[in-house]
Amino acid sequence: MTQRSRARIAVVGTGWWTQGWHLPHLRRNEHAEIVALVNADDHPQSSLDPNLVSLNELASAYDVDRTYHAVEELVADDVALDGVLVATPHATHAQIGIALVDEAHRRLDRGEAPLNLLIEKPMTTNVHQALALHDAVTRYQQHADRAAQPAGVAMLNHTANYRLPCVAARRLVAEHKLGRVQHVEAHFASPLMWIFGDPSNVGWNKPSGPDMLGNGFGWGQQSHLLAWIFFVTGLVPTEVYCRMQHSEVTGADLSHSATIRCGDDCAISVSGTTLLPGNAHSTPAVGKRAAIDIYGTEGALLYGGVDDDPSTGRLELRRHDERHGHPTYPLGDDDPGFLFENLDSSGTGPESMRLFLDACCNDGQLRDGDVIGADVAVGLSAIQALDAMYRSHASGRPEPIVW
């Protein structure tokens, strides 16, 4: 295994999130070297930030020699890369992801080091595209297994899934501390009406093309909570009933309540809203609120709080075989409290980015104990559930998951 001190990274998409978060994080991380920038337009535009700079200005600011207008140009130029971070509009993730998986196939056939991928959430905004990207990654990983070569990582940037309490919760479920999971109750509230209630934010409030069902809080925020639940529990959705409420100004969905059936004897009761007053990205910020309770035949796992204040909650395990069902705190002295999304704009990036860079530096291989918090299977389950939620609201009846 080749170990590199710095991972050579291309960033695809140089909009609001990249300029405010990804590029500063990468520059501060001693294990990252930005070698290429890709953006469809010379000057990215965003209603969320009118002060975005041009592609050439970014290249100069970050000492990047290569810029492109399409991922196909990046691939054709045969740039020396260890990984690609995709932060383009949600509706473009599948096309770009599949093109990069095709390049990973070619690298594998040439006996080269794998190409690692970190794709922003949600995985896509169309269930058929999510299936296509999932299947492309799965075929590539199977190809690598047959060739007895490392496949590298294909990660989704659901940052909450890579944090210590989430990984611990998954381990507890896998160790059957709850027995068989039978019921999940979950709620998520984001203070983002300044996005979803503003008609100028078309990309967040209107469907991107004819194949996207609706837009708003579901695609933009609830994808976080669903990915957390499916990663921790391993549940697979089969049918959804959902009702939504929409903005009279923008048409965006602002709130919803849904029942997600998983097999014959388990259901997820999930709700969410963006009607929480405040701004999650202001200074000082108003934190997002999440509560997730998982109930099994032998116990329950309870987790909730405000994501900018770790002291507001901690992971709690309760079992039927313990007297009076008193809680235990499985992380003990190492318990960091409540951690959900990682919205820290300083430092060297969230846990997901640091894991991605570590894999890039080590020929796509994870270290013992490292866990990919959101792979394409988790991402697909979240998209399948969201797609059925939108269809159910439109039809007024339960809708099956698209396979």
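Residue numbers start at 1 and run along the sequence shown.
Side-chain atoms of Ser269 and Glu185 include no donor-acceptor pair closer than 3.5 Å. Side-chain contact of Thr138 with Gln142: a donor-acceptor pair under 3.5 Å is absent, judged by distance alone. Checking His69 against Asp42 by side-chain atom types alone, a donor-acceptor pair falls below 3.5 Å. Remark: the Thr14 side chain and the Asn39 side chain contain an N/O donor-acceptor pair separated by less than 3.5 Å. Between the side chains of His224 and Glu341, at least one donor N or O lies within less than 3.5 Å of an accepting N or O. With 3.5 Å as the limit, one finds a donor-acceptor pair spanning the side chains of Ser200 and Asp198. Residues Ser257 and Ser271 bring no donor and acceptor atom of their side chains to less than 3.5 Å of each other. A donor and an acceptor atom, one from each side chain of Tyr390 and Asp253, are located under 3.5 Å apart. Using modelled atom types and a 3.5 Å distance limit, the side chains of Ser47 and Asn201 yield a donor-acceptor pair.
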Test salt bridge (charged side-chain N to carboxylate O under 4.0 Å, His left out) applied to Glu33 and Arg8, step by step:
CA-CA 5 Å; Glu33 177 187 2; Arg8 298 163 296 188; 6.0 Å; no
Show your reasoning for whether salt bridge (charged side-chain N to carboxylate O under 4.0 Å, His left out) applies to Glu399 and Arg397.
CA-CA 6 Å; Glu399 292 287 346; Arg397 60 178 182 267; 3.7 Å; yes
Working for salt bridge (charged side-chain N to carboxylate O under 4.0 Å, His left out), residues Lys288 and Asp307:
CA-CA 5 Å; Lys288 302 178 183 182; Asp307 72 355; 5.3 Å; no
Where do Glu351 and Asn342 land on the side-chain hydrogen bond (donor to acceptor under 3.5 Å, both in side chains) test, with the steps shown first?
CA-CA 8 Å; Glu351 293 85 347; Asn342 190 330; 2.9 Å; yes
Run Arg318 and Glu322 through salt bridge (charged side-chain N to carboxylate O under 4.0 Å, His left out) and show every step you take.
CA-CA 8 Å; Arg318 300 190 180 207; Glu322 295 177 357; over 6 Å; no
Yes or no on ring-ring contact (aromatic ring centres under 6.0 Å, His included) for His90 and Trp204, after CA distance, side-chain angles and deciding distance?
CA-CA 10 Å; His90 306 152; Trp204 292 87; 5.8 Å; yes
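Summarising the geometry of Gln384 relative to Val127, their closest heavy-atom pair is CG-CG2, 3.9 Å, with the distance given to 0.1 Å. Heavy-atom minimum distance, Pro114 versus Gly152: CB-N, 3.7 Å. The two residues Ala252 and Gly216 make their nearest non-hydrogen contact at CB-CA, 4.0 Å. Considering all non-hydrogen atoms of both residues, Pro277 and Val286 come closest at O-CG1, 3.6 Å. Taking both residues in full, the closest heavy atoms of Pro165 and Gly337 are given as CG-O, 3.7 Å, listed atom of the first, atom of the second, then distance.
Taking His256 as the reference, Phe217 meet the ring pair (Phe, Tyr, Trp, His ring centres under 6.0 Å) condition, with sequence neighbours excluded. Take Phe188 and apply the ring pair (Phe, Tyr, Trp, His ring centres under 6.0 Å) test, not counting sequence neighbours, and it matches Phe340.
When the shell of 6.0 Å around CZ of Arg289 is examined, it contains 12 or fewer heavy atoms from other residues, nucleotides or ligands. Crowding of His281 atom NE2: a count of heavy atoms from other residues, nucleotides or ligands under 6.0 Å exceeding 12. In the displayed structure, Glu248 atom CD is contacted under 6.0 Å by at most 12 heavy atoms of other residues, nucleotides or ligands.
Ion pairing between a basic and an acidic side chain is recognised when a charged N comes within 4.0 Å of a carboxylate O; Arg354 and Asp358 show no such pairing. Using a 4.0 Å cut-off between charged nitrogen and carboxylate oxygen, Glu103 and Arg110 count as a salt-bridge pair. Ion pairing between Arg27 and Asp63 fails under the 4.0 Å rule for side-chain N and carboxylate O.
Atom CE in Met123 sits 14.0 Å away from atom CG in Asn157 (nearest 0.5 Å). Here Asp308 contributes atom CG and Leu343 contributes atom CG; the two are 9.0 Å apart, rounded to the nearest 0.5 Å. With rounding to the nearest 0.5 Å, the separation of CD in Gln149 from NE2 in His143 is 7.5 Å. In this structure, NE2 on His246 lies 10.0 Å from CG on Asn215, to the nearest 0.5 angstrom. Within the model, atoms CG of Leu156 and OH of Tyr162 stand 6.0 Å from one another, a figure rounded to the nearest 0.5 Å.
Using cut-offs of 30° and 60° for the angle between ring planes, the Trp228 and Tyr303 rings count as parallel.
Checked by atom type and distance alone, the side chain of Asn29 never pairs as donor or acceptor with a backbone atom of His25 at under 3.5 Å. The backbone N or O of Leu26 sits nowhere less than 3.5 Å from a side-chain atom of His31 that would complete a donor-acceptor pair.
Two residues are said to be in side-chain contact when any heavy atoms from C-beta on lie closer than 4.5 Å; Ile294 and Leu178 meet this criterion.
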